Visitor: 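Handing you a structure now.
All values reported here derive from a predicted model rather than from experimental measurement.
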Amino acid sequence: MKSNTFKYSLIAVGVTAALGITTTAMAATSVSSDTTVDIRNVATASYSVGTVAQTPVTSNTVTVRVSEKLSFSLVSNNPDGNSPDDSNVNEEVAPNGFAVFQHTLTNTGNRSDSYTLKLENVTGDDTDYDLTASASTVSYSIYNEGQVPGAGVTPVSSESGIPVSTANNQTITLEKGQFIKFTINAKTNGNKGGNKQNLKLSATSTLIPATIPTKTLVNTDDSVTKLPTFSIIKTFNKALDLNNDNDTSTYTIVVKNPTTTYSANATDITITDNLPTGLLIASALTTNSIVVAGNATKGTLSQTSKGFELTGVNIPTSGSITINFTVKKDPAAALANNALNHVKVTDDLDNIPATDNTLIDSTDSTVENVSRFYLVDDTDFTNGTVATGNDGNDSTQPFTTIKRNLTLTNPTTKEIAPSTSTTDAVGQVTHQTIITNTGKDIEGKDNQLTFTITDSNKSNAVNLVPNSVTIVYDPDGPAGPLVPQTAISIAPTVVNGVNTYNITSKLTAGLAPNSTVTINYNVSSSNAPLFTPENSTTATTESTVVTVTAAGTGAPTVPSITDTTNVKGLTLVKSQGLDANCDNVVDTTFSSSSDPLAALPGQCVIYQIAAFNNSSAAPLGFSITGLTISDLLSNFSDKADYRDGTAATTVTANSTINTQAAINGNAISTNISTLAPQGTGTMKFAVKIKNNRTVAP
């Protein structure tokens, strides 16, 4: 990736440096002040005539009036179209790369002055520069007034590659008219496409008094992270006839660099394709096999019978490169059904080997690292979906020997209360699985198409509801109109001891290409424990595996999906804390430990009973209603007395109290009408340990 040039800025300020001077304001970017200093000189002479000393003689007074001017300017010089000013704007930088900023500091006064420099990050932007890195450096050259930097011009002095940590707070002296040219190499770290990074350079005059606001001048350096976006699309024109040794199929690879808000040209990239086992390149690639658009370049090709590599490829923004090649079966190796042929693009984003910013994009999500460099990760379609080529997503198609293909999607996770009805659907949860015919032929018309729903039986208290299974057929599939379809009840038949549902028995015309069948089934629970084992904190969970099986020649193998049902409900924790002074303020933290709480007669104990609805937040979880928390007076009445007025109930947001805590018959109780998911209802009350117990413990 190449960097473009960007804006820079000028701050030129002349500064007053004396007592009792007057200052004249000038333009907004410049301030100047003059000081006059008088040097008065009187001569005297003493002499003698003979041996007699004479009266000393004093000459007339002469005055030298010195006009002093203390001023300097600090301007930014990057060619951003608005130079010189006080900021370098939108300097382009690669992720983990270098932003280069240029500035000029000039002593515009008429006497020498020294200037202290400082570089620091600006808060509030997206990422910081790594100014502590040894690669972040400052270089400068000092020139005399009238010198024009360039070839053949020798500066007064220069320094190169000073670490920022060394350059910071360094003081440089300039004689009047001298100027210093700075080049700052600022290392970025962790920045991603579109990120903004700001850097502040300040210079402080030594001689200008601290009371003068313009004693310090500031320039701001601004960079934006730019990098190319690769959209990789790989398709093939037809299935390969494995019965014909001479049959071929043509692969087409299109690599685009679509326009984004942080686009950059891609330079010197590498495109790699290695065929899967069972395929060979049928005909060697030539220059005619490669087509470029948008001023892209083809690079250099190297190839074997198993793949190829293009190096030195350039793809400007909105440009693309298309590679066509034919494949045939490898007589020495079997071709796996639905084999994937992946393409990889590698780009050293700033073409500096020492910089750790080599981008790897691929149709294979396991080998790419795009999430390091983009704010949003890409999607790699491998199920037959073809990427648009306009958003950085990638796709490659399963290479099949015939056109049949089915996918099983939409694994669901549901939460269920410990007990539901097995006959009433209220409280039960419904799982949905979607079968999609992504092939070219009708499925299930000539061959049987079945599915099974297998319970893992981790918890025998959570089970599939008999006679709850339905299927919904949508001939238009996910791209079709959102028209409600008819749910068809389907009953199982036992095949090899397993309940098997025959889709073909209900959909005799089969599944058209791109159509879907949605499987719905309910799960109920019966006194299911919240935790398994019961004394643990491990939530009780049940898995049901949905498996689809197609029959006939070339039948695709469809990966099963697993639906999860988690048991959720109410947990109740009682804790206590000592209130030694009986002032209704707990002196210790509340503890639910089984260890005894040490207390003395006459002291008070505050009890806290917390009911927690551990179901997840909406829409997954559910509210608990009609909750009553109760604590029997007999639990403590022989050893302690309830303290009147201490019972209280509180609930967290979205939960509702029906009745506040109070003595109700033989217990202290409260009623919470609604306890929201993840909500807590707490009942508190205090007791005072008796001093006059007559019964021994």
Visitor: For the residue pair Asp126 and Lys196, what are the closest heavy atoms and their distance?
Guide: OD2-N, 2.6 Å
Visitor: Flag the pair Thr470 / Tyr521 as yes when at least one side-chain heavy-atom distance between them is below 4.5 Å, and no otherwise.
Guide: no
Visitor: I'd like to know if the side chain of Asn191 reaches the main chain of Asn96, judged simply by a donor and an acceptor atom lying under 3.5 Å from each other, with no hydrogens or angles considered.
Guide: yes
Visitor: If you measure only the distance, is there a donor-acceptor pair under 3.5 Å linking the side chains of Thr438 and Asn405?
Guide: yes
Visitor: Taking atom types as modelled, find out whether Asn520 and Thr430 have a side-chain donor-acceptor pair closer than 3.5 angstrom.
Guide: no
Visitor: Is there a side-chain contact between Ile253 and Phe308, using heavy atoms and a 4.5 Å cut-off?
Guide: yes
Visitor: Please name the pair of heavy atoms, one in Asp347 and one in Pro228, separated by the smallest distance, quoted to 0.1 Å.
Guide: OD2-CG, 3.4 Å
Visitor: Can you name the residues that form a salt bridge (charged side-chain N to carboxylate O under 4.0 Å, His left out) with Asp455, not counting sequence neighbours?
Guide: none
Visitor: Within the structure provided, determine whether Lys329 and Leu280 are in side-chain contact (heavy-atom separation under 4.5 Å).
Guide: no
Visitor: With heavy-atom distances below 4.5 Å as the criterion, would you say the side chains of Leu227 and Tyr374 are in contact?
Guide: yes
Visitor: Between Gln197 and Thr127, do the side chains contain a donor N or O and an acceptor N or O under 3.5 Å apart?
Guide: yes
Visitor: For Thr355 and Asn357, indicate whether the former's side chain and the latter's backbone hold a donor-acceptor pair under 3.5 Å.
Guide: no
Visitor: Would you check if the side chain of Thr547 reaches a backbone N or O of Phe451 as a donor-acceptor pair within less than 3.5 Å?
Guide: no
Visitor: Asn265 side chain to Thr317 main-chain N or O, any donor-acceptor pair under 3.5 Å?
Guide: yes
Visitor: In plain terms, say whether Asp394 and Lys344 are close enough for a salt bridge, that is, a side-chain N and a carboxylate O under 4.0 Å apart.
Guide: no
Visitor: For Asn383, is the CG atom crowded, meaning more than 12 foreign heavy atoms sit under 6.0 Å from it?
Guide: yes
Visitor: Which atoms form the tightest heavy-atom contact between Ala417 and Ser525, and what is the distance?
Guide: O-OG, 2.6 Å
Visitor: Under 3.5 Å, is there a donor-acceptor pair between the side chain of Asn463 and the main chain of Asn460?
Guide: yes
Visitor: If you measure only the distance, is there a donor-acceptor pair under 3.5 Å linking the side chains of Thr326 and Thr248?
Guide: no
Visitor: Is there a donor-acceptor contact under 3.5 Å from the side chain of Glu415 to the main chain of Ser616?
Guide: yes
Visitor: Applying side-chain contact (heavy atoms from CB on, under 4.5 Å) to Leu310 and Ile323, what does each step give before you reach the verdict?
Guide: CA-CA 10 Å; Leu310 274 177; Ile323 306 164; 3.6 Å; yes
Visitor: Between Val523 and Val462, is any pair of side-chain heavy atoms under 4.5 Å apart?
Guide: yes
Visitor: Ignoring hydrogens and angles, state whether a donor on the side chain of Asn237 or Ser249 is under 3.5 Å from an acceptor on the partner side chain.
Guide: yes
Visitor: Under 3.5 Å, which donor-acceptor pairs do the side chains of residues 488-503 form with other protein atoms, sequence neighbours left out?
Guide:
{"residue": "Thr493", "atom": "OG1", "partner": "Thr500", "partner atom": "O", "Å": "3.4"}
{"residue": "Thr500", "atom": "OG1", "partner": "Val498", "partner atom": "O", "Å": "3.1"}
{"residue": "Asn502", "atom": "OD1", "partner": "Thr504", "partner atom": "N", "Å": "3.0"}

Visitor: When you measure from the side chain of Glu91 to the backbone of Asp221, do you find a donor-acceptor pair of N or O atoms at a distance under 3.5 Å?
Guide: no
Visitor: Can you find a side-chain donor-acceptor pair between Ser223 and Glu92 that sits under 3.5 Å?
Guide: no
Visitor: Under 3.5 Å, side chain of Asn257 to main-chain N/O of Thr229, donor-acceptor pair present?
Guide: yes
Visitor: Evaluate the side-chain proximity of Thr270 to Glu309: yes if any heavy-atom separation is below 4.5 Å, no if none is.
Guide: yes
Visitor: Closest approach of Ile233 and Thr388, non-hydrogen atoms and distance?
Guide: CD1-C, 4.1 Å
Visitor: Does any N or O in the side chain of Lys192 come within less than 3.5 Å of the main-chain N or O of Arg372, such that one atom is a donor and the other an acceptor?
Guide: no
Visitor: Are Thr235 and Tyr251 side-chain neighbours, meaning at least one heavy-atom pair lies under 4.5 Å?
Guide: no
Visitor: Using every non-hydrogen atom in the two residues, find where Phe101 and Ala186 come nearest and quote the distance to one decimal.
Guide: CE1-CB, 4.4 Å
Visitor: Short question: side chain of Ser395, backbone of Ala387 - any donor-acceptor pair under 3.5 Å?
Guide: yes
Visitor: Going by atom types only, do Ser456 and Ser543 share a side-chain donor-acceptor pair under 3.5 Å?
Guide: no
Visitor: Is any side-chain heavy atom of His431 less than 4.5 Å from a side-chain heavy atom of Val546?
Guide: no
